[in-house]
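Worksheet: one structure, shown below.
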Amino acid sequence: MASDYGSSSSSELDDEPSLAPVDAGGSILVSGDPESTSEDELPSPVAMTARAYQLEMLEESQKQNIIVAMDTGSGKTQVAVLRIQADLELGEKIVWFLAPTVSLALQQFEVIRAQIPGVQSKFICGKDDMHAWSSKPGVWDAVLLNTRIVVSTYQILLDAVAHAFVRLESLGLVVVDEAHNCVGKNAVKRLMDEHYFVNKAKGLAVPRMLGLTASPVMRSNLDDLEALEQTLDAVCKTPSRHRDELVAQVNRPEMVTVPYGSLPDPDGAGSPTPTMARLRKAYLELDMRRDPDILWLLAKKSAQGRIRLQKVYMKKRTVSQTQMKSFCARSREMCERIGPWAVDYYIHMVISRYLKDLGTPNELNQLANQQMRYLAEAFQKVDALPPPLVPTSAALSAKVRALVSILESHQGNPAGIVFVKERATASVLSHILATHPQTRTRYRVGSMVGTSKIPGRRKDFLDLSQKDDLLSLQAFRQGKTNLLVATSVLEEGIDVPACNLVVCFDEPDNLKSFIQRRGRARMSASRLYLLVHDESDGPLARWHTLEREMKQKYEDDMRENELLADIERVDALGYSVLRDETTGAQITINDAKQHLEHFCATLSTRKFVDWRPYYVVHDLDGNPVDARVPGLRKATVHLPVSLAPELRRFESRQAWPSEANACKDAAFQAYARLYEVGLLNRHLLPIKEADLLKQAVPHAGLVAVREQMDPWPLIAQAWRDNAPTSRRSLAVSCQNTSMRANFEIVLPVEIPAMKQFVIYWDYSSSWLVSMGPDPDVSNVRGQVDGPDVASTMLAMAFGYRWRFKEKQYPIGFVCLDQGIRLDDEAPTAISAESMAGVSPARLVRDAANNAFFYLDWLPTKPSATLVRKTYPSFDEAPENVPHAVVKRWPKKAGSFQPLDTNHMPVPGSKPYPQVLPADQLRVDSTPAVYAHVGMLIPAITHVLEAHLVAKDLLENRLEVTGITDLSLVVTAITARAARGLTDYERLEFLGDSMLKFCTTINCSARNLHYPEGYLSALKDRIVANSRLFQAAVDFGLDRYVIYKQFSVYKRGPTYVEDLLERPTAAARTRKLSSKTLADVVEALIGASFLSGGSAKALACISLFLPEVKCDSLEHDREILYNEAPHDEPLPVTMRRLESLIGYTFTKKSLLVEAMTHPSCNSPGVRASLDRLEFLGDAVLDYVVVSKLFAIDDPAPLENSMLHLLRTALVNGDILAFLVMEWSIQQDCVDVETTADDLGFLGSRDRTTIKLVRSNTAIPFWSFLRHASPALAAHQRATVQRHAALRSGILHDLYHGTHYPWARLCRLQAQKVFSDVFESVLGAVWVDSGSVEECARLVERIGILPLMRRLLRDGVRVMHPKEELGALAGNRTVEYEVYDDGEDGDGERVLGCRVLVGVEEVARVGGCLLKEEARVRAAGVACRVLRERGRGGRGVTSCEG
């Protein structure tokens, strides 16, 4: 991902991306009808799993040219995809995929480009007019620029090679689909005979060949296999090692013949309907003299034109005459084969559509427009009225009635195909079945005719072609329809779901058609119906003979299997036993296979991966064996690619006559090795979390821990013991006035350094406390060197509440201000003259010693209406007595946090807050600043106490951490609940990430054999709160946690004399949350990191978690780096990837591993991305957290904002979106061919060729190697959703005020998109060892630019559900998701209503996912509640 979201470049000046769309994988559809090939309408590929026999065929294809012969539905196409992937990685030559029909070629193109999106692929068909390309030099070279895969029909490649536009030596691999067609004059056979073998004889390079077929013959002659092998220079291969799996995948249907000749004909059979008669009459009445073709030839006025005119006129061979004649013939056939109702419907539909299309003339072909108008005049005379809406059996042919009876009697949930010959028949018959009373309720019917929808083919209006042809196929795949009426296009190649019902409405043309149709009925208990006129039909006898032969062979196979089963039943006696001596658990050879499958199933929950082991049986030399031929054999078991390479392949120890025992032997060898390397526990079962690390008992809620350390009794004892004293200067100054006081504080212990801090007096004023840098150790022992004014200042501040005794405060305060004597505190009477200029430097007091701020002098008593608070005898007091305006001295003051101004008292309208008689007041002789300091002494004492506790922890327990800044320790041990000067939350945020980072690296380096699932469990076990809590208690950290909330004295100050009488706190306990102690551990890790980098953080981690044994991160990285091979080459398909990510790997193997999905289990794959993704997740978190923590302009981010931003920046949805935005550009060329149909009967007189050069985007995610069609289908669907949502998400991210949580949720991107980026990030760290290099990659993908934008513009990033919970307060929030019907595309959509308490606050609809519905509804509800806070009211609904 680049920082500009659309290219591989990065810009520091502008973090906003370009809005240029990104194509999904650089695939180019050279030809295509927008209506039939748009991404919205193209069907997604059928999901196939990479089965063991497919991998076997892949291996065979890499050894030699082969023809893969496998039954329909067993996954031949997946073999080709795997082979193409392997070939592309080895070289730069083109792979050419050939299919016999355009429909099949287009289908296979979609499958291939979905699974291999990281290269440019092109589909070429006849519509592209390749013959015209020869008129302009360089067209073919331009078309193939940067193209790695081409899909076309057979003839395309033959013509290109024959005319030397494409050279055979430029092709690396040719795949021939439906290879049994390559006989006679077939284009592939000619290509091989005329070019391939000629080049091979000359010693020139020829491409490797791979054939695919479901049957090695095309017709009923079963002896053509050898000829086919010779044609393709290949050998036919059928998977022989996994026969059981093949048989399980392919079922043979029961064949049933249904004669219909004995059924009565419909009424009026054999006679034309009135509509047919009017059609024929219109045909006979066509005026040749007005025919546009005749008029066009007359206008030629040439000898050649006159000759042609005479010939056309005599034979009536104009376009209009030919079409009308064909229309009449088809109508007669429709009436005979389907019935009178059908022909009337057919004529009505053809004419209606034709007249409707008359309104869209052809601007380039005036002759065609004239022909259409001419025929339209004739059609209007037919008066083709529609038949009754519902067809009756009496108006349908016997054959149709037999079909209806078959469909009506079919048991179970039907999924079927009805095969017909004619395209028009498919259209009419599908309509009949969709409306017939006996079928319309149970069957949802579609049609698929294929060839009439070929892009560029002149469409015959008589076929009733449908624009939604491919959509019908897609609906059938998705289960929206359960019956397709189709032509031969569905016989072969095109992937459709397995069916349980196949009906041959029309007779198959040959053996190939029969086999292919039967292959569609692959579900269990499926049936194949053949409609025949009577039992004596010749074709029927041939099919019965063939079926008997196949049934006989099947029975022979079963008898052979029974004989082999006797061998398989022989027990493996005398084989060794795997035993654990400590527990006595044991595994025998008979247990190993099941246990091995269970172990593999526990490796991961990652989607799109088949975790099962697979077995390959071979002879003693490693060659394939036939399962039906007796003899000694061995087996090799292959385990999932997520395991270490040395743990993925195991061979049986000895040879066996039994295939089953050979597999058990291999499984036993694998299981024994897994036990040896520690992947099984002492019970010989897969490791569980409890086996990885002894887990502390989780503590829920509050737990009893030791009371916080109290330093003051020790200090009191030091005073009594006459210990040497320590001094530090202390300045206390008001930040709003000029008041300031200077002291020395004295303790009988070393005074820890304290950074200056602020104490908030009230809503508008605050005080700054600053301590001198260096302590001064006094020679005076056990006493304060100078007058201690602590008690005096406390009396000034709190004397109205308590009587102060002659006791020593634990902290000595010596006043350093000149001319100030606090020991002479004798108040004097006040007068107007004495108070002039005094306020507010002095406090005044009443007879009860209550203190007041003096504000002003009043010569007489003011009116009560001017005073906010009057004294009790105010009304009785004389009017002419002087009064002083005063404000009450606060009962308490001194907070470490700013006071919430929302709670500030509203100023009154009366000018005098309070008045008192002047003769009742006395003024302090000492300035009021010392009373302020006295009020702040509790806060100063609290801060000093925290530093004393932290100092003890640092000096006595945390020496190895090397922390030099005591304030970091103070912060780390102070909980937010203490409401102190600081709290640990920011440090805990940093330490949590650092702990995860270090632990992840250490787990990976110390457990090289562990798969990702084990590593994740081990890491989670180590960093769990329960483990950290137990570590904190074991360490004794609970004594140092400052949790009790600070407050000003409730019972008066505590003196040295009191402390000496206080019992020790060692035996006392308190209740704390276990999470609080875990957080303090993480905060100390963060403090260590800030103090000394990762080395100090590791030292701190090891202090609390001794199981994390790590010398240094670099040492662990070297272990991981050395584990990667140094000589693994970078596949050709990944060479551009390094330029995209902006980093060149020293070890290319790390990048290959990072871009390999665990589904990619092909031969030669060393490792998958799992372990690197596990590492990269921690690296990404660390990079983002470090960047967020370092922000200090204008101020460090609050902990809550840190968490919100981290969630917004590293969640899977935003990572997936940024991954989809990140791409590299590649040149490509499209060819635009414009043909002007100006000639007679559509002959082309002019063709214009235009080369359109452009760039195509190859997305980062498309470089991922995988072998999962299901994953490819998901990627394709996600790309389509991304295209629809992209502009809205980008607007929200770069211009909006709210983070697009709901839109990102709608994207539905699987975790694999974010995983691939995290794996590459992990690979970069292992290869470079540089966090800075990783940060540059995070910058390029766009995460850090997004962070800056969110901060700069104050985007609201809180998740709507979290925000709604906060706005709801104590009220409950409920989300009720309901079915909201269907959208315009027929997709099921959901709605959601939000209840806050019992009130419905918001409702939304039109959502695709439950979570999307909840998020959108929460967002709407938040707006409602915020609006109510501004005076609005009501319920908001948001639909669609």
Side-chain angles (χ1 to χ4, degrees), residues 729-743 745 754-771 789-790 792-801 813 815-817 820 822 835 837-845 850-856 868-869 884-916 921 923-924 926-944 978-982 1045-1049 1053 1194-1195 1198:
S729 61
L730 186 76
V732 182
S733 58
C734 180
Q735 294 186 297
N736 307 90
T737 67
S738 61
M739 288 191 292
R740 177 185 177 92
N742 298 284
F743 305 91
I745 59 172
M754 299 190 302
K755 294 182 179 180
Q756 67 178 17
F757 56 93
V758 175
I759 303 177
Y760 294 90
W761 181 268
D762 55 22
Y763 293 101
S764 58
S765 61
S766 58
W767 291 74
L768 180 67
V769 181
S770 304
M771 179 176 280
V789 297
T792 303
M793 292 190 294
L794 287 169
M796 292 178 66
F798 300 101
Y800 68 97
R801 297 176 64 183
F813 281 78
C815 183
L816 300 181
D817 296 324
I820 300 297
L822 273 69
M835 298 306 293
V838 170
S839 177
R842 298 286 193 274
L843 295 179
V844 295
R845 299 175 186 273
N850 293 312
F852 301 88
F853 293 103
Y854 174 81
L855 301 179
D856 199 3
R868 296 176 213 165
K869 182 179 181 181
V885 180
V886 296
K887 185 174 73 172
R888 182 90 182 196
W889 176 258
K891 291 185 178 180
K892 61 180 181 179
S895 169
F896 297 112
Q897 309 297 328
L899 278 66
D900 187 355
T901 55
N902 292 323
H903 299 151
M904 185 168 57
V906 179
S909 57
K910 298 178 180 181
Y912 306 140
Q914 189 173 356
V915 294
L916 291 173
L921 297 177
V923 61
D924 286 350
T926 304
V929 62
Y930 299 100
H932 282 85
V933 174
M935 181 66 81
L936 299 180
I937 282 179
I940 296 172
T941 303
H942 178 82
V943 174
L944 184 56
R979 297 189 60 80
L981 186 63
T982 183
Q1045 182 174 339
F1046 164 72
S1047 62
V1048 181
Y1049 304 136
E1198 293 289 337

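Bear in mind that the values here come from a model prediction, so they are computed numbers and not experimental data.
- In this structure, the side chains of F813 and L794 stay at 4.5 Å or more apart for every pair of heavy atoms.
- Shown here for L899 and S895, the closest heavy-atom pair between the two residues is CD1-CB, 4.0 Å.
- Annotation: salt bridge (charged side-chain N to carboxylate O under 4.0 Å, His left out) contacts of K755 (sequence neighbours excluded): D965.
- For S766, the side chain to side chain donor-acceptor pair (under 3.5 Å) partners two or more places apart in sequence, or in a different chain, are Q735.
- The side-chain hydrogen bond (donor to acceptor under 3.5 Å, both in side chains) analysis of residues 899-912, with sequence neighbours excluded, yields the pairs D900-N902.
- Here the CD1-CE distance, from I937 to M796, works out to 10.5 Å after rounding to the nearest 0.5 Å.
- W761 and H932 have tilted rings, their planes meeting at an angle from 30° to 60° on a 0 to 90° scale.
- R740 contributes atom CZ, which lies 12.0 Å from atom SG of C734 (distance to the nearest 0.5 angstrom).
- Here S770 pairs with Q756 under the side chain to side chain donor-acceptor pair (under 3.5 Å) rule; sequence neighbours left out.
- A distance of 8.0 Å separates CD1 of I940 from CD1 of I745, quoted to the nearest 0.5 Å.
- Residues passing the ring-ring contact (aromatic ring centres under 6.0 Å, His included) test with F896 are H942, F1046, sequence neighbours excluded.
- Atom CD1 of I759 sits about 4.5 Å away from atom CG of L936, to the nearest 0.5 Å.
- Judged by distance alone, the side chain of Q897 and the main-chain N or O of T982 form no donor-acceptor pair under 3.5 Å.
- Two residues are said to be in side-chain contact when any heavy atoms from C-beta on lie closer than 4.5 Å; V769 and M754 fail this criterion.
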Legend entry - Full working for side chain to side chain contact (heavy atoms under 4.5 Å, CB included) between V789 and Y930: CA-CA 9 Å; V789 297; Y930 299 100; over 6 Å; no
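- Minimum heavy-atom separation, A741 to D817: CA-OD2, 3.4 Å.
- Checked against side chain to side chain donor-acceptor pair (under 3.5 Å), R888 has the following partners two or more places apart in sequence or in another chain: N850.
- Two residues are said to be in side-chain contact when any heavy atoms from C-beta on lie closer than 4.5 Å; R842 and P927 meet this criterion.
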Inset, instruction - Evaluate the side chain to side chain contact (heavy atoms under 4.5 Å, CB included) criterion for residues W767 and M935: first the C-alpha distance (whole Å), next the side-chain angles of each, then the deciding distance (0.1 Å), finally the verdict. - result: CA-CA 11 Å; W767 291 74; M935 181 66 81; over 6 Å; no
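- When side chains are defined from C-beta on, T926 does not count as touching M793, because their heavy atoms never get closer than 4.5 Å.
- Residues N736 and S764 come closest through the heavy atom pair ND2-O, 3.1 Å.
- The heavy-atom pair separating P913 from V886 by the smallest distance is CG-O, 3.6 Å.
- In this structure, CD in Q914 is found 11.5 Å from NZ in K887, a value given to the nearest 0.5 Å.
- Summarising the geometry of A797 relative to G934, their closest heavy-atom pair is CB-C, 3.6 Å, with the distance given to 0.1 Å.
- In terms of heavy-atom proximity, Y854 sits nearest to A884 at CE1-CB, 3.9 Å.
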